[in-house]
A.B. asks: 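Just dropping this structure here.
Residue numbering restarts at 1 for every chain, and letters A, B, ... go by the order of the sequence lines. Remember, predicted model here, so these are calculated numbers, not experimental data.
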Amino acid sequence: MPSVTVSVPRDFVLWRDACSYGYFLLAPNQWIPSEKTLLRPLRLKNGPVACAVSQTGKGKSLRVETSRTLKATEKGELNSQLTRMLRLDMTTAQVNEFHKLDPRWKKTGEARLCRSPTLFEDLVKTVTSCNVTWPGSRGMNRRLCEVLGEGAASGKCFPTSQILAKQRPAFLRGRCGVGYRDERLVQLAKMYAKGAIDVRWLEGAATPTEEIREYLLELPGIGPYAAANILQLLGRYELLPCDSEAVRHGREVLGMKGSSARVAKQVAKHFEQYGKYCFLSYWFELRVAYQAKHGPAHTWEYGQDGKLVTAARAAAIRKK
DNA sequence: GGTAGACCTGGACGC
DNA sequence: GCGTCCAGGTCTACC
């Protein structure tokens, strides 16, 4: 099988950093715990290509097995898409800066959060994770790929903005189960496809965070939570996406009391101590609780019933 | 500026 | 198996 090599920063660990944010569990991503390998189709200039990304050790280059031989320009495209997705552009110096602000994560080395190869996919994944439980979010992303994605049946790409923009809202609702998000997703895709959303400006280091936030809030389907989440996906960690999980964390772990709105404000205030890396501190703290319940994230996989196979559930299955 | 209710789906629960 | 209730964030109307 043809393969490509991708260089990584010396502190990068695939199983830790690819499984750092929930998007590694959303289609078209597929994590294989037993092989510590990430499977996902990528859309390149000459068409889709199925990829299997693996690594032999910390700081070692990634080995990317591809379903077809790539031309030099396509290798460059693959490199830049994986760089965005796995945050390979977050330097070791930035990682150290975060660990200096919050030393709790220095030992494990956690700092990078997995995202999507494109901003458009991040926008759609954010909208499809609002006002819905996690299985619902997984279902929407799976069906978007199955119904609208290009590529082999076993590995369909995430639909592009152009493809999504051409759909009728009722079709999206009926076939992809996106519910009331149908029109908002089509509107978002239309804006993105015609270049009305300035990706360079949004991803530009010089653009003020508050301006980006205000802009995002004007987009269909994007409210305060979604805007803050997209900001962290853009590498801006100073705001917290305060959702029900944040409130639960505030009450159960940080011992906060009062109405949900009050607790949300208290949580945001609490994490301000971590400055520009506020969200990273919050997220890794939240993960400790998840992993205490379900085991390490890189061991998570889904059974044929679509349910998460946690260590506890695996033991229960074995007993049967 | 703050609040209430609708939006839609999947899971949990009771019968 | 069926019906009911609930959780989840955004959006709009209303005060």
A.B. asks: Hey, does the side-chain of A:Y180 have a donor or acceptor N/O within less than 3.5 Å of a partner on the base of C:dG9?
C.D. replies: yes
A.B. asks: Is the gap between the ring centers of A:W201 and A:Y215 under 6.0 Å?
C.D. replies: yes
A.B. asks: If I take atom CG in residue A:N131 and atom C1' in nucleotide C:dC11, what distance separates them, rounded to the nearest angstrom?
C.D. replies: 11 Å
A.B. asks: Take atom CZ of A:R181 and atom P of C:dG9, then tell me their distance rounded to the nearest Å.
C.D. replies: 11 Å
A.B. asks: What is the distance, to the nearest angstrom, from the CG atom on A:N229 to the P atom on C:dT10?
C.D. replies: 10 Å
A.B. asks: Taking OP1 and OP2 of C:dG9, is either one under 4.0 Å from a side-chain nitrogen or oxygen of A:S244?
C.D. replies: yes
A.B. asks: Which residue, A:T133 or A:R184, contacts DNA chain B at a nucleotide closer to its 5' end, judged by nearest heavy atom?
C.D. replies: A:R184
A.B. asks: Rounded to the nearest Å, what distance is computed from the CD atom of residue A:E183 to the C1' atom of nucleotide C:dT10?
C.D. replies: 14 Å
A.B. asks: Rounded to whole angstroms, how far apart are CG on A:L216 and P on C:dT10?
C.D. replies: 12 Å
A.B. asks: Going by heavy atoms in the side chains, are A:H99 and A:R104 under 4.5 Å from each other?
C.D. replies: no
A.B. asks: Report the distance from atom CD of A:E218 to atom P of C:dT12, rounded to the nearest whole Å.
C.D. replies: 11 Å
A.B. asks: Distance check needed: C:dG9 P versus A:D182 CG, whole Å only.
C.D. replies: 20 Å
A.B. asks: Can you check the A:L123 CG to C:dG9 P distance for me, whole Å?
C.D. replies: 18 Å
A.B. asks: Could you please name the option among B:dG11, B:dC8, C:dG9 that lies closest to any side-chain atom of A:R173?
C.D. replies: B:dC8
A.B. asks: Is there a donor in the side chain of A:E245 and an acceptor in the side chain of A:Y282, or the other way round, less than 3.5 Å apart?
C.D. replies: no
A.B. asks: Is any side-chain N of the basic residue among A:R248 and A:D243 closer than 4.0 Å to the acidic one's carboxylate O?
C.D. replies: no
